[in-house]
Amino acid sequence: MKYDVANRRIWYKGEILNVNDAKINILAPTSQFGLNVFEGIPCYWNEEEKQLYAFRLEDHYDRLLRSAKLIQLDCPYSKVDFKKAFIDVIKANEYDENLSVRQTLFVDGFGSWGSDGPVDMFVAPIPRGRTSAEYNKKGLHVCVTSWRRISDETLSPRIKCGANYINSRVGQREALRNGYDTCLFLNEAGKVSEGPGSCFFIIKDGTVITPQLTDSVLESITRDTVIKIAQSKGYEVVERTIDRTELYTCDEAFLCGSAMEMTPVLSVDKYVIGDGETGMITKDLHMTYLDVVRGKVEEFKNWVTPIY
Ligand SMILES: Cc1ncc(COP(=O)(O)O)c(C=O)c1O
């Protein structure tokens with residue numbers, strides 16, 4: 001039996017519950033201040049093998065622990081606990097479809113924004129394709145938002161915490177207000193950083209280019225995946241600072257992330273990218289990406305974890 005989204009099972013503080021029965025204290029620091037760190041972990045259904053694969057689970061857990069460390073959450077769970085909860089709750093829902101699994105460590109209790117605990121966890125599988133509109137488009141019309149990306153000197157974009165997404169929100173809301181699908185942020189130095197929930201690549205003269213990890217971006221797992229796929233296919237990949245004007249003159253561009261996968265950017269600030277269609281290299285990388293995440297590419301098979 002499958003559970004509809006409104007009645008799905010979630011793992012919450014050590015138990016598997018109907019999502020409607022998972023209650024949180026309204027005064028908990030996570031409710032009041034967004035004091036939590038989280039991962040969105042993609043799982044892909046492989047129809048031939050009748051298997052569900054989690055993608056780069058270990059890397060997601062490493063980042064979750066780095067995020068917790070950076071904002072000093074006192075995490076009572078190990079990576080073994082993370083993985084057991086993750087697999088148990090997917091099985092409890094009997095999912096055989098693509099998922100995004102939200103795994104969150106949050107500060108519970110009656111503390112303040114300065115509390116280091118008590119830290120607890122929930123794991124909520126979310127069937128894909130039912131989240132933000134920009135994640136389901138074939139191509140994106142993008143603006144450079146007037147808001148700057150948060151920086152390592154103030155609130156590091158390296159930390160995947162709930163509160164950081166308010167910066168994403170203001171950029172995204174501005175883009176939608178002005179008729180775009182989504183936005184790109186410049187960092188405090190005025191150089192290109194990333195999208196509100198995704199990393200960014202351009203392609204120029206056959207070279208695949210993305211901002212450096214020190215240009216105010218999340219240490220994105222998809223960004224790393226795309227780099228490694230591109231290198232394996234023989235493309236030159238360069239991590240370097242990107243100027244704003246390069247956005248308007250590049251041959252191809254795309255945003256990528258666990259939720260976004262790889263989505264072509266067709267225009268930036270109404271400057272058409274290339275011929276306004278999905279570029280050849282973007283298409284090539286995307287096709288391979290879709291096979292890699294389903295465990296179909298031998299070279300990258302160690303990135304997938306079977307659930308069943
Ligand atoms: C701001 C930001 N950048 C990049 C990404 C992509 O990261 P990942 O590929 O690890 O999902 C995300 C997605 O969570 C994000 O929120």
Side-chain angles (χ1 to χ4, degrees), residues 34 36-44 54-67 70 82 86 98-105 124 126 128 131-132 134-136 140 142 144-145 147-152 154-175 181-188 191-202 208 210-230 239 242 253-263 265 285-286 289-290 292-293 300 303-304:
N36 55 62
V37 293
F38 68 97
E39 289 296 317
I41 304 168
C43 294
Y44 286 87
F55 190 57
R56 299 192 66 169
L57 200 52
E58 281 289 317
D59 297 307
H60 280 281
Y61 291 153
D62 287 341
R63 186 173 65 186
L64 186 62
L65 289 172
R66 288 199 301 277
S67 293
L70 283 168
F82 290 166
F86 179 91
N98 299 343
L99 304 173
S100 172
V101 181
R102 176 60 37 87
Q103 190 147 2
T104 299
L105 297 170
I126 306 167
R128 283 182 63 96
T131 52
S132 303
E134 74 275 16
Y135 294 154
N136 295 312
L140 299 168
V142 171
V144 173
T145 172
W147 299 96
R148 291 296 165 107
R149 188 75 182 126
I150 44 178
S151 77
D152 203 62
T154 52
L155 189 56
S156 179
R158 183 170 275 122
I159 307 166
K160 195 167 167 68
C161 61
N164 278 7
Y165 282 81
I166 304 305
N167 177 239
S168 298
R169 175 182 169 84
V170 291
Q172 178 66 16
R173 298 300 307 181
E174 181 183 56
D181 298 314
T182 189
C183 68
L184 277 170
F185 283 92
L186 303 182
N187 61 24
E188 285 189 342
K191 304 300 180 186
V192 175
S193 63
E194 61 181 342
S198 50
C199 275
F200 180 68
F201 285 76
I202 58 172
V208 178
T210 192
Q212 303 170 98
L213 289 177
T214 46
D215 283 337
S216 295
V217 303
L218 181 72
E219 291 175 334
S220 153
I221 289 162
T222 316
R223 173 187 177 281
D224 184 68
T225 301
V226 170
I227 289 173
K228 293 194 170 121
I229 290 174
E239 295 173 67
I242 297 177
F254 61 88
L255 285 162
C256 71
S258 301
M260 175 78 83
E261 297 182 329
M262 285 177 56
T263 308
V265 171
L285 295 175
H286 191 199
Y289 177 85
L290 294 176
V292 167
V293 294
F300 297 115
W303 276 343
V304 298

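Each ligand, and each atom within it, is numbered from 1 in the order the structure gives.
Looking at heavy atoms from C-beta onward, His60 lies out of side-chain contact with Phe86 at the 4.5 angstrom threshold. With contacts defined as side-chain heavy-atom distances shorter than 4.5 Å, the pair Ser216/Ser151 qualifies. Asp215 has its side chain out of reach of Glu239: every pair of non-hydrogen atoms, C-beta onward, lies at least 4.5 Å apart.
The distance criterion of under 3.5 Å between nitrogen or oxygen atoms is not met by Gly195 with respect to ligand 1. At under 3.5 Å, not a single nitrogen or oxygen of His60, backbone or side chain, sits near a nitrogen or oxygen of ligand 1. Between Ser168 and ligand 1, not a single N/O pair is under 3.5 Å apart.
Taking a cut-off of under 4.0 Å to the non-hydrogen atoms of Cys199, the atoms of ligand 1 that pass are 4 (C). Of all the atoms in ligand 1, the ones that sit under 4.0 Å from a non-hydrogen atom of Arg149 are 1 (C). Counting atoms of ligand 1 from 1 in the listed order, those under 4.0 Å from a heavy atom of Tyr165 are 14 (O), 15 (C), 16 (O). Each of the atoms 13 (C), 14 (O), 16 (O) of ligand 1 lies under 4.0 Å from some heavy atom of Lys160.
Atom CZ of Arg66 is surrounded by more than 12 heavy atoms from other residues, nucleotides or ligands within 6.0 Å.
Nearest to atom 13 (C) of ligand 1 by heavy atom, out of Gly257, Ser100, Gly197, is Gly197.
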Practice problem: For side-chain contact (heavy atoms from CB on, under 4.5 Å), just list the numbers for Tyr165 and Lys160, CA-CA rounded to whole Å, side-chain angles, deciding distance to a tenth of an Å, and then say yes or no. | Solution: CA-CA 9 Å; Tyr165 282 81; Lys160 195 167 167 68; 2.6 Å; yes

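Ligand 1 lies nowhere less than 4.0 angstrom from a heavy atom belonging to Gly40.
Within the 4.0 Å heavy-atom criterion, the part of Pro196 lying near ligand 1 is the backbone and not the side chain. For Met260, no heavy-atom contact with ligand 1 is shorter than 4.0 Å.
With sequence neighbours excluded, no residue forms a side chain to side chain donor-acceptor pair (under 3.5 Å) with Arg169. The salt bridge (Lys or Arg N to Asp or Glu O under 4.0 Å) check on Asp152 picks up Arg158, with sequence neighbours excluded.
In summary, the side chains of Thr182 and Gln172 do present a donor paired with an acceptor at a separation below 3.5 Å, with no hydrogens or angles considered.
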